[in-house]
Amino acid sequence: MISRDSVKYFQVAQGVWGMKLVFVNIYMVANRKGFPKRWVLIDAGPKGCADKIIAMAESIFGKGAHPSAIVLTHGHSDHTGSLPELLKHWNVPVYAHPLEIPFLTGRSAYPPADPAVGGGLMTLLSPLFRREPLNLGRRIKAIDVDRGIPELPEWKVIHTPGHSPGHVSLFLPFNTTLIAGDAFLTTKPESAIYALKNIKKLSGPPKYMTIDWTDAKKSVKKLAALQPRIAATGHGPVMRGRELQTALTKLAENFERQAVPSEGRYVRRPALATQNGIVYVPPFKASKKMILASVLIGTAAGLLVARQIQKAVS
Ligand SMILES: [Zn+2]
Ligand SMILES: [Zn+2]
């Protein structure tokens with residue numbers, strides 16, 4: 001952990017740093033020597049964290065530093081909450097996959113979260129997360145997956161849908177560093193204790209917000225095949241080396257058992273999306289578990305931890 005200029009962040013690899021904001025990670029990536037000497041912000045954290053992100057940037061890159069671009073792994077509110085505030089300070093383009101753009105230009109809302117999937121307080125709180133789109137207007141630029149991101153020339157962009165339609169991961173072949181967003185995680189995201197305390201546990205994408213489990217499985221297989229030696233994800237601590245490779249291979253091989261919930265709105269039928277946003281959402285069936293969940297949501301929302309999380313993602 002690096003603690004400098006009153007901000008705490010951590011080193012992921014050479015030229016890659018991360019910071020945990022409430023329960024969400026953001027990353028800063030500098031281009032290596034020989035490449036245009038610039039840096040890029042990956043994801044923008046929950047609401048209310050712009051000051052911390054700017055302080056981290058200035059601590060690493062110097063006073064007044066700003067990125068040459070912001071790249072979004074996806075548009076969920078916990079990864080874009082501080083974006084409007086950051087864009088008041090930084091006049092930079094924001095890159096996202098074409099299938100994610102409707103959620104960032106006011107055209108489409110994400111499908112509802114699924115509190116029936118079980119796993120803990122975060123699942124119960126998930127219906128409270130903001131799912132309405134941001135409208136970033138002309139700031140938003142579509143990623144060309146084959147060509148990559150001009151401001152990040154060494155990194156490959158990998159389309160990893162499932163958790164959201166236009167979810168992307170970033171991979172640096174030079175040292176096999178992977179920034180995986182929420183395609184898989186290194187903590188158990190459904191549990192508030194795991195998420196807030198950053199307890200290490202390689203897991204599939206958050207169950208309550210994943211809308212296509214067939215795609216999610218394909219995406220994890222794609223990432224496991226890269227055999228990354230370093231993985232930095234949207235939630236949880238950095239995982240490395242053999243510990244990472246063994247756990248990721250296991251997750252890809254046993255995805256149904258390890259990652260897919262036994263019941264839930266999107267388990268048998270996915271939500272469908274086009275470049276215009278969501279076009280089909282499977283019908284909601286209230287189970288006993290669901291009714292119990294909604295009762296618990298009311299109770300849980302009164303807790304201090306709930307307020308903290310809700311503030312960050314609303
Ligand atoms: Zn997400
Ligand atoms: Zn997330």
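Quick note: residue numbers are just sequence positions, from 1. Just so you know, ligand 1 is whichever comes first in the structure, and atom 1 is the first atom listed for that ligand. These figures come from a predicted structure and were not determined experimentally.
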Would you say that I149 contacts K141 through its side chain, given a criterion of any heavy-atom pair below 4.5 Å between the two side chains? no

Per residue D78, nearest N, O or S atom to the Zn ion (ligand 2) is named OD2

The Zn ion (ligand 2) has as its nearest N, O or S atom from D182 the atom OD2

- Measuring to the Zn ion (ligand 1), does H76 have an N/O/S atom at a distance below 2.8 Å? yes

key: Aromatic F284 / basic R265 pairing, under 6.0 angstrom, 45° off normal   = no

I want to know whether [X] and [Y] have ring centres closer than 6.0 Å.
X: F171; Y: W155; result: no
X: H76; Y: H163; result: yes
X: H235; Y: H79; result: yes

Check: Checking only N/O/S atoms, does H79 have one that is under 2.8 Å from the Zn ion (ligand 2)?
Finding: yes

Between H163 atom NE2 and H74 atom NE2, the angle centred on the Zn ion (ligand 1) rounds (to 10°) to 110°

